[in-house]
Amino acid sequence: MQHTTSEAPVIFEGVDTLVRCHGHHPESGLEAALQPLVELHVIGDCMAPRTAEEAVYEGLKAGWQI
């Protein structure tokens with residue numbers, strides 16, 4: 001398994017159960033509707049499937065841009 005953005009290997013040790021989910025796709029329908037109306041900062045899963053940590057970081061960066 002690889003990290004979504006860094007492509008570094010993700011190693012799980014001492015885990016009894018692991019649930020994997022496949023088929024993530026970004027949801028960007030709202031982006032297309034809002035783009036001509038407001039200043040828009042797209043973060044998190046709207047850009048690409050990511051972790052909550054990455055989405056929070058992207059939110060922080062978007063906040064600084066405002």
Those residues at least two apart in sequence (or on a different chain) that pass side-chain contact (heavy atoms from CB on, under 4.5 Å) with Q35 are E31, L40

Residues passing the side-chain contact (heavy atoms from CB on, under 4.5 Å) test with A55, sequence neighbours excluded, are none

For residues 58-66, please give each side-chain donor-acceptor pair under 3.5 Å, one per line with the distance, not counting sequence neighbours.
residue	atom	partner	partner atom	Å
E58	OE1	G44	N	2.5
E58	OE1	R50	NE	3.3
E58	OE2	R50	NE	2.3
E58	OE2	R50	NH2	3.1
Q65	OE1	H41	ND1	3.1

In short, side chain to side chain donor-acceptor pair (under 3.5 Å) pairs touching residues 6-16 with sequence neighbours left out are H3-S6

For V56, the hydrophobic cluster (side chain heavy atoms closer than 4.5 Å, chained through members) also holds none

